[in-house]
Trainee: 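Have a look at this one.
Note on naming: letters A, B, ... go to the chains in the order of the sequence lines (proteins, then strands), and numbering restarts at 1 for each one.
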Amino acid sequence: MRMSNLFGRTLRETPADAEIPSHTLLVRAGMIRPLAAGVYSYMPLGWRTLRRIEHIIREEMDAIDGQEVSMPVMHPAEIWKETGRWYELGPELVRFQDRGNRDMVLGMTHEEVVTYLTRQEISSYRQMPAMIYQFQTKIRDEPRSRGGLIRVREFIMKDAYSLDVDFDGLDEFYPRIYQAYVNVFERCGLDPLVVEADPGMMGGSDSHEFMLVNENGEDTVVVCASCEYKANRENAHVAWPVDDEEMRPTEEVSTPGIDTIAGLADFLDIPERKTSKIVFYTADGELVFTVIRGDLDINETKLAGVLGTSEFEPASEAAIEEVGAVPGYASPIALEGEAKIIVDESIPSARNLVAGANKAGYHLRNVNYGRDYEADEVVDIATVRDGDACPQCGDRLKLERAIELGHIFKLGTRYSEPMGATYLDADGEERPVVMGSYGIGLGRLMAAIAEKYHDEYGLIWPPSVAPAGVYLISLASGDEEIGNTAEELYQSLRDEGFSVLFDDRDERAGVKFNDADLIGAPVRLTVSSRAQKRGGIEIKARWSDASEVIPIEDLPSLIREYLGSSSRFGGQHAE
RNA sequence: CGGGGCGUAGCGCAGUCCGGUUCAGCGCGCAGCGUUUGGGACGCUGAGGUCCCCGGUUCGAAUCCGGGCGCCCCGACCA
């Protein structure tokens, strides 16, 4: 590809709306262009890298007997109604009606389509196990896109689906896809942590996320400072300290006008963790009381798991008062109406907390769970904080931002049962297909690589995914012989099988060197009279400051050596 | 959905507070000519604008007021 002819250009200045390195550099290098919030075009160079990432993934999927397919982006709503997600999902699922007023959706994932196909194609245990996968555009109207390609509303995902006769089959396949994911990321130069994750809207049992620790990540992982414990913040646990105080008698205390935890702790001169608070929700028309230590926050993702629905909202004051509770002074003790009481695990092990008295202007001292009130459920619904105690070893937990590169799920029969995707086993018995679902976001993966491999001048692509292996600069400046040498070299390098970006533009040297650095191809070659006088062509690796001049016939082998330096693009904290 | 910021030429910005002869400006980029040629050259000439949109106030609006839209950031949320 010739730079003189490249569609799109490099930018000298950083775009005003980009802040993180992957975003600014991918835009400046002319690899991507924004179209709308969280919607991007891939320019020729960006698309090349994306295609190379795709190729790596394809190889790894094929290596575990994946069969590539392509499923539609536009789906009839019926199949989404069959699984119930048409009703469960909010506006992130894009819906519309076609000209015949039929409900349609734009696929945010393809479980429904896969299950539909399975229902049609799979009828016997002899047809399984099987795994299909595709590279397909997903549409998700996210509440907030962010960080360039890190979180977008339209993106290409590799999604794979496994079909097994039973859970044993799924358990057997799962480690294989897990290893394939490790291979993919390693080949891209990344070393994500693998954490247990919340299956969320996907349903199912086991689920793992591949998380690349990075300050610009869209997600948060919890990592123990000393042991192996690590988890997504959405389902990380904490070991709460066990309080050994004696239970003291409950006493009412006047707290006029004090209706916040901070105010209460201040007024009574106690730490916030010696208080408890109530957060009210309405879920499916039912009032839910959640009780948690005053210094902690409810994690609504965990709560959604407990409630079995993500459709809940803070309760209205009227609903709260209906059960005899007083907002600001609410207490789980002595409620009059119907309300489900869910207590966080931080509560039972704490002693003598201050809680509301269900009476305006009053609180109760020395409230103890078990003695003074009981819950319908005691569960973990707290948001983990930096410094909380590790549930495995008790040491400190650290919160780290991370980029979710991939997510794998054991779906089980979450989709096959409601959609009736069944087969006959060897005994003639009808059984639901056992499924798994496995995703990698390609653009996000590209952004993650850019986040990890760049410097102040530009991108530094690992050879495995670089938009070109070689950036060939011609510094002819009117010297016809130099120009011809460069042209010939361009041709011969391509004949050798290298992908070459040939900077044949009529630009000054500085412009070309800077663009070479920006775009970040692994090898830079310079044809110039200066190099020629020293006997050849200058060669330099993008990641090094050193360059050397070597005879033209020695180039191929040295380029191959540079392009083979994949060990340079591994990780320091490998799994 | 809460909080904050921004919207003026392809890109980056000034002008907005205090309305009017610095009000259509600057830098980069772009086109032509000449000089230059190993780390983002220089000179001359030139093209390029619904000042985000709609409405209002005013003799007069990029500038003030009202409404809307779009984009970015933090949080909530999120396979």
Trainee: Are A:Glu111 and A:Arg414 close enough for a salt bridge, meaning some N to O gap below 4.0 Å?
Mentor: no
Trainee: Going by purine N1 to pyrimidine N3 plus the second Watson-Crick contact, or the G-U wobble pair, all under 3.5 Å, which nucleotide sits opposite B:A24?
Mentor: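 B:A24 is unpaired by these criteria.
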Trainee: Charged N to carboxylate O under 4.0 angstrom, A:Arg524 versus A:Asp515?
Mentor: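 The answer is no: the pair does not qualify as a salt bridge.
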Trainee: Using a heavy-atom cut-off of under 4.0 Å over every strand shown, decide if A:Asp159 touches base, sugar-phosphate, or nothing.
Mentor: nothing
Trainee: May I ask which nucleotide in the shown strands pairs with B:U50, Watson-Crick or G-U wobble, both distances under 3.5 Å?
Mentor: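 Per the H-bond distance test, none.
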Trainee: Whole Å only: how far is the CG atom of A:Asp17 from the P atom of B:C71?
Mentor: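 Going from A:Asp17 (CG) to B:C71 (P), I get 10 Å.
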Trainee: At 4.0 Å (heavy atoms only), tell me whether A:Lys512 reaches a base, stays on the sugar-phosphate, or touches nothing.
Mentor: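 If one applies the 4.0 Å heavy-atom cut-off, A:Lys512 turns out to touch nothing in the nucleic acid.
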Trainee: With a 4.5 Å limit on heavy-atom distance, are the side chains of A:Leu475 and A:Phe513 in contact?
Mentor: yes
Trainee: Pick the closest RNA chain B nucleotide for A:Arg444 and for A:Arg505 by heavy atoms, then say which residue is nearer the 5' end.
Mentor: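 Going by which nucleotide is closer to the 5' end, it is A:Arg505.
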Trainee: A:Gly38 or A:Leu518: which one's nearest nucleotide on RNA chain B is closer to the 5' end?
Mentor: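 Between the two, 5'-proximity favours A:Leu518.
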Trainee: Which value, in whole Å, describes the distance between the P atoms of nucleotides B:C17 and B:U63?
Mentor: 9 Å
Trainee: Using the C1' atom as the point on both nucleotides, what is the distance between B:U16 and B:C28, in whole Å?
Mentor: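 Those two atoms are separated by 24 Å.
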Trainee: Salt bridge or not for A:Lys540 and A:Glu538, using N-O below 4.0 Å?
Mentor: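 Between A:Glu538 and A:Lys540 there is no salt bridge, as every charged N stays at least 4.0 Å from the carboxylate O atoms.
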Trainee: Starting at CD1 of A:Ile20 and ending at P of B:C74, how long is that distance when rounded to a whole Å?
Mentor: 9 Å
Trainee: Let's test this: given Watson-Crick or G-U wobble pairing with both distances under 3.5 Å, identify the partner of B:A9.
Mentor: none
Trainee: According to the Watson-Crick and G-U wobble definitions, with both distances under 3.5 Å, which nucleotide is paired to B:G2?
Mentor: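 Matched B:G2 with B:C74 under the 3.5 Å cut-off.
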Trainee: Can A:Glu218 and A:Arg146 be counted as an ion pair, charged N to O under 4.0 angstrom?
Mentor: no
Trainee: Mind checking A:Arg534 for me? I need base, sugar-phosphate or nothing, with any heavy atom below 4.0 Å counting as a touch.
Mentor: nothing
Trainee: Pull out every residue in residues 290-303 of chain A that has a heavy atom closer than 4.0 Å to any atom of RNA chain B, ordered by number, or say none.
Mentor: A:Glu300, A:Thr301
Trainee: Can you find an N or O donor on one side and an acceptor on the other, under 3.5 Å apart, linking the side chain of A:Arg508 with the base of B:C42?
Mentor: no
Trainee: Rounded to whole angstroms, how far apart are CG on A:Asp515 and C1' on B:G39?
Mentor: 11 Å
Trainee: When rounded to the nearest Å, what value does the distance between C1' atoms of B:G34 and B:U50 take?
Mentor: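 Approximately 38 Å lies between the C1' atom of B:G34 and that of B:U50.
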Trainee: How many whole angstroms separate atom CZ of A:Arg401 from atom C1' of B:G75?
Mentor: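 My rounded result for the distance is 10 Å.
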Trainee: Should the pair A:Glu82-A:Arg119 be classified as a salt bridge under the 4.0 Å nitrogen-to-oxygen rule?
Mentor: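 Yes, this pair counts.
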Trainee: Hey, does A:Pro15 reach any base, or is it just sugar-phosphate, or nothing, if we go heavy atoms under 4.0 Å?
Mentor: sugar-phosphate
Trainee: On a whole-Å scale, what distance lies between the C1' atoms belonging to B:A9 and B:A47?
Mentor: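 11 Å, rounded to whole Å.
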Trainee: I'd like to know if A:Arg524 reaches the base of B:G39 with its side chain, counting only an N/O donor and acceptor under 3.5 Å.
Mentor: yes
Trainee: Could you work out which one of B:C74, B:G39, B:C78 sits closest to the side chain of A:Phe513?
Mentor: B:G39
Trainee: Once ring-ring contact (aromatic ring centres under 6.0 Å, His included) is applied, what residue pairs with a partner in residues 15-40 of chain A remain, sequence neighbours excluded?
Mentor: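 As it turns out, the ring-ring contact (aromatic ring centres under 6.0 Å, His included) pairs with a partner in residues 15-40 of chain A, which skip direct neighbours, are A:His23-A:Tyr40.
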Trainee: Would B:U22 be called syn or anti here, given the cut-off of 90° from 0?
Mentor: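 Syn conformation here, the glycosidic angle of B:U22 being no more than 90° from 0.
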Trainee: How far does the C1' atom of B:G60 sit from the matching atom of B:G10, given to the nearest Å?
Mentor: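 Going atom to atom, C1' in each nucleotide, I get 32 Å.
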Trainee: Applying a 3.5 Å limit to both distances, which nucleotide forms a Watson-Crick or G-U wobble pair with B:U37?
Mentor: none
Trainee: Under 4.0 Å, heavy atoms only, any strand: does A:Glu538 hit a base, just the sugar-phosphate, or nothing?
Mentor: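 A:Glu538: base contact, heavy atoms under 4.0 Å.
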Trainee: Check the side chains of A:Gln179 and A:Asn183 for a donor-acceptor pair under 3.5 angstrom, ignoring hydrogens and angles.
Mentor: yes
Trainee: Taking any heavy-atom pair under 4.0 Å as a contact, classify A:Gly8: base, sugar-phosphate, or nothing.
Mentor: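 Result for A:Gly8 = nothing.
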Trainee: Rounded to whole Å, please give me the gap between OH in A:Tyr281 and P in B:C1.
Mentor: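 My rounded result for the distance is 19 Å.
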Trainee: Nearest-Å distance, OH (A:Tyr471) to P (B:G39)?
Mentor: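 Whole-Å distance recorded here is 15 Å.
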Trainee: Only pairs with both distances under 3.5 Å count, Watson-Crick or wobble alike; so what is the partner of B:G29 in this structure?
Mentor: none
Trainee: Round to a whole Å and report the spacing from CG of A:Leu475 to P of B:G39.
Mentor: 9 Å
Trainee: Are A:Leu163 and A:Met435 side-chain neighbours, meaning at least one heavy-atom pair lies under 4.5 Å?
Mentor: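 A side-chain contact under 4.5 Å exists here.
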Trainee: Under 4.0 Å from OP1 or OP2 of B:C78: is there any side-chain N or O of A:Arg153 that close?
Mentor: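 A:Arg153 to B:C78 OP1/OP2: no side-chain N or O under 4.0 Å.
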Trainee: Any carboxylate oxygen within less than 4.0 angstrom of a Lys/Arg side-chain nitrogen, looking at A:Lys410 and A:Asp164?
Mentor: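 Answer for the salt bridge query: no.
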Trainee: Using atom C1' of each nucleotide, how far apart are B:C78 and B:G5 to the nearest Å?
Mentor: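 About 24 Å, rounded to a whole number of Å.
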Trainee: B:C74, B:C78, B:G39: which one has an atom nearest the side-chain heavy atoms of A:Arg144?
Mentor: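 The nucleotide sitting nearest to the side chain is B:C74.
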Trainee: To the nearest Å, give me how far apart CZ (A:Arg151) and C1' (B:C73) are.
Mentor: 13 Å
Trainee: Would you list the protein and nucleotides 26-35 of chain B atom pairs, both N or O, that sit under 3.5 Å from each other?
Mentor:
residue: B:G27; atom: N2; partner: A:Glu13; partner atom: OE2; Å: 3.0
residue: B:G29; atom: OP1; partner: A:Arg12; partner atom: NH2; Å: 3.1
residue: B:G29; atom: O2'; partner: A:Arg9; partner atom: NH1; Å: 2.8

Trainee: Answer yes or no: does a side-chain N or O of A:Arg146 lie under 4.0 Å from OP1 or OP2 of B:G75?
Mentor: yes
Trainee: Considering Watson-Crick and G-U wobble pairs with both distances under 3.5 Å, what does B:C17 pair with?
Mentor: none
Trainee: Would you call A:Arg2-A:Glu487 a salt bridge at under 4.0 Å N-O?
Mentor: yes
Trainee: Does A:Ser529 reach a base, just sugar-phosphate, or nothing at all? Heavy atoms under 4.0 Å.
Mentor: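 No contact.
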Trainee: Taking the side chain as every heavy atom from C-beta outward, state whether A:Tyr438 and A:Phe409 have any atom pair closer than 4.5 Å.
Mentor: no
Trainee: Determine the contact category for A:Ala18: base if any of its heavy atoms lies under 4.0 Å from a base atom, sugar-phosphate if only primed atoms, P, OP1 or OP2 are that close, otherwise nothing.
Mentor: nothing
Trainee: Quick one: which of B:C72, B:C74, B:G40 gets closest to the side chain of A:Val511?
Mentor: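 Side chain of A:Val511 sits closest to B:G40.
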Trainee: Quick one, A:Tyr178 and A:Phe210 - any side-chain contact, counting heavy atoms below 4.5 Å?
Mentor: yes
Trainee: How far does the C1' atom of B:C33 sit from the matching atom of B:C69, given to the nearest Å?
Mentor: 45 Å
Trainee: Are side-chain N/O atoms of A:Arg542 and A:Tyr457 paired as donor and acceptor at under 3.5 Å?
Mentor: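 Looking only at side-chain atoms, A:Tyr457 and A:Arg542 do not form any donor-acceptor pair under 3.5 Å.
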Trainee: Quantified in whole Å, what is the P atom distance between nucleotide B:G40 and nucleotide B:C54?
Mentor: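 Nearest-Å result for B:G40 against B:C54 at atom P: 45 Å.
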